[in-house]
Amino acid sequence: MTDTDATTLQPKKKGLTRRQKRRVSQGAQYAVFVAAVIAFAVTADWGRLQNQFAQADIARQMFPDVITLALKNTVLYTLSGFVVGLVLGMVIALMRLSSVGPYRWLAGVYIEIFRGLPALLIFIFVGVAVPLAFPGTEIPGGTYGKVALALGLVSAAYMAETIRAGIQAVPKGQMEAARSLGFSPAKAMVSIIVPQAFRIILPPLTNELVLLFKDSSLVLFLGVTLEERELSKFGRDLASTTANSTPILVAGLCYLLVTIPLSFVVRRMESKAQEAIR
Amino acid sequence: MSRPEIEVRGLHKSFGDNEVLRGIDLEIGQGEVVCVIGPSGSGKSTLLRCVNLLEEPSKGQVFVGGTEVTDPDVDIDAVRRRIGMVFQQFNLFPHLDVTGNLTLPQRRVLGRDKETAARVAAENLARVGLSEKADAYPSSLSGGQQQRVAIARALAMGPEVMLFDEPTSALDPELVGDVLAVMRRLAREGMTMMVVTHEMTFAREVADRVVFMDGGVIVEDGSPERVIGDPQHERTRHFLSRLLDPAMAEVEEEISDQVGKSEP
């Protein structure tokens, strides 16, 4: 017994030591990486790639419309959808926490339905099915209204769950302190609980904003006028007229222009909120 | 004698099958300071929380300032404005600075304007000796400072009665004194106070009456000299000896008549 224990614990005389083995394994991983990069650089047709994705004149031709029109519309669609989703999500979250059974039940059904359906289906529903089913009804705000509604309906389901979790994460003592100061349940919710809940859910909520930012591309399926085009539609239209993929690349970079700083801001807010709460 | 400020009649409270309060009768006169002591699980915190209806009594009545708190039609928010409550865990609002903690309730609940609320806040911060912390956030304060802010927050509402639920139990020992000093001053100023505490020195010095609870009933009720100095019941003596000299306690069997195993 003792002999075998000793042999497994001691470095073997023959072969590599543990440290050497580790070094070899790490070296191999670097070697694979470098080989892959070289293989890609050698096999890629750089001329064609540049021709297809990085044509300076085509890119130049997109400005300033890609910013002043397409990005502006993307932002507008996203924000309006976010606001609708936030308000609706708040209502659903409070219904979910209600002491009245049917409210809880209704909110649960809403969340399950809208989380379970693809966003595209909701866009088609709002853009095509509703006008067909109820001829004469006009969603206020034209395309903007439709997008806000479709994005809002989808995001409300996610946000409701996030908000509910945030409200429940606020310690019970906060509500007790507020109530014993004479706050009514509603006032305590508005002035004490919800502000703290939002601090807690700021990161997941901003994550939802980023998701909406990308989902706003589904406007494509509503059929929009030239003035209502957002980044994806704008990029695709230009890509087909110029028979070149550069517009797609530029549109993609425009998305990142917003989403990357946004996640940076979230991280900063996150650490600040952490400081304030405890 | 005028009507008692706090009056509890035949109070019962159960959590499920667990009967925590088994018939409490208690009167606290205006300006009186009453300390409630007793082992954990004796129901003393529950009794305190029943006074401002944070816990709904199962049976019995509670009156504060002549208003029946347990009346189903009572405007409980209006009654609670007259009752200040201080918690073991302070429960300051972490998203507001100290001044915000004191002014927001005044403005939202009492409808005071900004200037009045700020003035009352400053007065009460001075009262607890924390004027220089007006702009600090709760997270940057020590436990003792947080608790004093919590007392100031309750006082800013102009309560007739103050309830203290083990106000020093969550504090480091060296910070207890500051909080007790504030409470002592409050008592001297004539505030009606009901204090659940383990601080026997405070109870002995400041309280007009000490109530000893065990197993959901009041076992003894009298002056501090009598209840702490010369307890009449074996259970009180037992509790006090363990509290005053915990190092001397013997290992013993579970006391069967204790109601709860821990504080709710």
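Naming convention: chains lettered A, B, ... in sequence-line order (proteins, then strands); numbering from 1 in each chain.
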Checking B:Arg148 against B:Phe90: charged group under 6.0 Å from the ring centre and within 45 degrees of the axis? no
Can a cation-pi geometry be assigned to A:Lys146 and A:Tyr144, taking NZ or CZ under 6.0 Å from the six-membered ring centre and within 45° of the ring axis? no
Tell me, for B:Leu110 versus chain A, whether the close heavy atoms (under 4.5 Å) come from the side chain, the backbone, both or neither. neither
For B:Phe87, is it the side chain, the backbone, both, or neither that has a heavy atom closer than 4.5 Å to a heavy atom of chain A? side chain
B:Arg3 to B:Phe63, cation-pi by 6.0 Å centre distance and 45° axis angle: yes
Regarding B:Ser45 and B:Asp165, do their side chains bring together a donor and an acceptor under 3.5 Å, going by distance alone? yes
Which one, B:Gly84, B:Pro159, B:Ala78, B:Pro105, leads in non-hydrogen pairs under 4.5 Å with chain A? B:Pro105
With a 4.5 angstrom heavy-atom cut-off, could you sort out which part of B:Arg82 is near chain A: side chain, backbone, both or neither? neither
At their closest point, which heavy atom of B:His95 faces which heavy atom of A:Ser191, and how far apart are they? NE2-O, 3.4 Å
If we define contacts as heavy-atom pairs under 4.5 Å, which of B:Leu54, B:Asn52, B:Leu53 has the most with chain A? B:Leu54
I'd like to know which of B:Val79, B:Leu96, B:Asp77 tops the heavy-atom pair count under 4.5 Å against chain A. B:Asp77
